[in-house]
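Each ligand, and each atom within it, is numbered from 1 in the order the structure gives. None of the values given here were measured: they were computed from a predicted structure.
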Amino acid sequence: MKAPIRVAVTGAAGNIGYSLLWRLASGSCFGPDQPMILQLLEITPVMDRLAGVVMELTDSAFPLVNDIVATDDANVAFRDADAIFLVGSRPRSKDMDRADLVAANGPIFVGQGRAIGESASRSVKVITVGNPCNTNCLIARANAKGLDGSCFSAMTRLDQNRAVGQVAAKLGVPPAQVQDVFVWGNHSDKMYPDLRLAKVSNLPALGQLDSAWIEGEFRTTVATRGKAIIQARGASSAASAASAAVDHMADWWRGTGERVVSMAIPSQGWYDVPEGLVFSFPVRVDAEGRISVVEGLEIDQATRDRILANVSDLQTEREAVAELL
Ligand code: NAD
Ligand code: LMR
């Protein structure tokens with residue numbers, strides 16, 4: 001049996017947490033032979049609710065869960081953590097954009113970033129889910145002294161999965177037949193789901209889909225799906241978000257092979273995206289967990305304009321949190 005890894009989840013008593021923890025504990029993310037210690041963080045007023053979640057996890061008797069730590073101290077939650085899911089933060093309501101959350105949620109990622117820098121494993125893999133996730137990741141990274149930028153990421157996998165779901169439904173194929181769809185930019189309405197590399201049943205997707213549908217209904221549906229779910233469900237997406245977080249971390253932990261996936265990571269200037277902005281790129285991950293951006297893709301004017309719109313969106317968010325960086 002492998003040695004247990006330490007997996008931290010913040011906002012563990014929230015809606016995403018309630019779905020995510022069971023997927024992690026069952027082995028869906030880190031593999032069926034990887035034991036773990038779950039380190040769960042909540043705010044003090046919610047510790048009773050977290051105790052209930054811990055009771056249910058205990059009652060699920062997962063063979064891979066060696067121990068569960070429940071705490072309101074970020075340094076305890078992140079101690080020696082190998083993987084961290086930064087979920088804990090407020091979701092938006094119907095009339096808000098995700099960027100409107102930055103004033104409420106941004107400060108959370110200052111203290112948690114510091115605690116990650118002080119306490120986590122030096123090779124920790126951090127996924128930021130709490131919105132606005134690209135900029136919250138930027139804040140956490142800026143405050144995590146002594147950790148490399150390659151430890152940090154934000155989640156655009158839900159947008160990728162939504163794009164795959166739309167293409168699969170349109171062509172009447174199972175999602176497994178849809179490969180190499182990815183998303184550029186920010187987890188905001190400006191995001192750009194790109195089908196130029198995509199294959200459906202091993203043939204180029206572009207040859208099988210009407211360009212008016214791609215430019216119209218497809219892009220709009222993917223970019224505004226979060227709000228549509230809030231309107232329909234009366235609550236932010238939760239199970240699909242947890243599932244996407246598992247997909248993102250599983251690919252980071254175990255590698256993608258030749259598959260192309262979306263991860264928002266601190267830019268090193270790829271595709272002229274300013275250094276440091278946490279931007280979603282097409283990436284592959286090798287068996288050692290190293291993420292590499294797929295470089296050399298042709299950038300036509302329409303793609304350039306969309307990338308620039310996302311850069312501008314993220315620069316505006318960055319200016320709004322300048323004092324937190
Ligand atoms: P929720 O309100 O159900 O749960 C959030 C939990 O976080 C609560 O239990 C709360 O007590 C806890 N929390 C708040 N501040 C905390 C802190 N400082 N430390 C630890 N825990 C803290 O919300 P949810 O539905 O689970 O959503 C969580 C976040 O994820 C929201 O910001 C939401 O917008 C975001 N989200 C992102 C994506 C994405 O694709 N990136 C998708 C869905 C939701
Ligand atoms: C989503 O995309 O579903 C989440 O980011 C929640 C939201 O506010 O849209």
Is the NZ or CZ atom of Arg141 both under 6.0 Å from the centre of the six-membered ring of Phe152 and within 45° of that ring's axis?
no
Only heavy atoms of [X], strictly under 4.0 Å: list the atoms of ligand 1 that pass.
X: Val46; answer: 11 (O)
X: Ala13; answer: 9 (O)
X: Arg90; answer: 31 (C), 32 (O)
X: Gly11; answer: 6 (C), 7 (O), 12 (C), 20 (C), 21 (N)
X: Ser237; answer: 42 (C), 43 (C), 44 (C)
X: Leu158; answer: 40 (O), 42 (C)

For [X], look at atom [atom1] and say whether over 12 heavy atoms of other residues, nucleotides or ligands are found less than 6.0 Å away.
X: Arg259; atom1: CZ; value: yes
X: Arg90; atom1: CZ; value: no
X: Asn202; atom1: CG; value: no
X: Lys199; atom1: NZ; value: yes

Check the side chains of [Y] and [X] for a donor-acceptor pair under 3.5 angstrom, ignoring hydrogens and angles.
X: Glu118; Y: Asn75; answer: yes
X: Thr71; Y: Asp73; answer: no
X: Thr256; Y: Asp251; answer: no
X: Ser312; Y: Asn310; answer: no

Under 3.5 Å, N or O to N or O, is [X] touching ligand 1 that way?
X: Ser236; result: no
X: Ala241; result: no
X: Arg92; result: no

What protein heavy atom lies closest to [atom]? Include the residue and the distance to one decimal.
atom: atom 38 (C) of ligand 1; result: Val129 O, 3.8 Å
atom: atom 10 (C) of ligand 1; result: Glu42 OE1, 3.5 Å
atom: atom 30 (O) of ligand 1; result: Ile16 CD1, 3.5 Å
atom: atom 40 (O) of ligand 1; result: His187 NE2, 3.2 Å
atom: atom 25 (O) of ligand 1; result: Asn15 CB, 3.7 Å
atom: atom 17 (C) of ligand 1; result: Ile43 CG2, 3.5 Å
atom: atom 4 (O) of ligand 1; result: Gly14 CA, 3.2 Å
atom: atom 28 (C) of ligand 1; result: Val87 O, 3.4 Å

Using every non-hydrogen atom in the two residues, find where Ala140 and Leu86 come nearest and quote the distance to one decimal.
CB-CD1, 4.2 Å
Taking only residues two or more places apart in sequence or in another chain, which ones pass side chain to side chain contact (heavy atoms under 4.5 Å, CB included) with Asn161?
Arg157, Ala244, Asp247
Validation row: Leu158, Ser237 side chains within 4.5 angstrom (heavy atoms):
yes
If you compare Ser89, Cys133, Ala242 by their heavy atoms, the one closest to atom 5 (C) of ligand 1 turns out to be Ser89
Test log, rule side-chain hydrogen bond (donor to acceptor under 3.5 Å, both in side chains), inputs His187 and Ser280
CA-CA 8 Å; His187 178 59; Ser280 182; over 6 Å; no
Single-linkage hydrophobic cluster, 4.5 Å side-chain cutoff, Val129 and Leu50 together:
yes
For ligand 1, indicate whether the residue Asn131 contacts it via side chain, backbone, both or neither (heavy-atom separation under 4.0 Å).
both
Indicate, as side chain, backbone, both or neither, the part of Gln112 found under 4.0 angstrom from ligand 1 when only non-hydrogen atoms are considered.
side chain
Phe182 meets the ring pair (Phe, Tyr, Trp, His ring centres under 6.0 Å) criterion, sequence neighbours left out, with Trp184
Select all protein residues for which some heavy-atom-to-ligand 2 distance is less than 4.0 Å, and list them by chain and number.
Arg92, Arg98, Asn131, Leu158, Arg162, His187, Gly226, Ile230, Ser236, Ser237
Members other than Phe218 in its cluster, when Ile, Leu, Val, Met, Phe, Trp, Tyr link by side-chain heavy atoms under 4.5 Å?
Val164, Val167, Leu171, Val173, Val178, Val181, Val183, Met191, Leu195, Val200, Leu206, Leu209, Trp213, Ile214, Val222
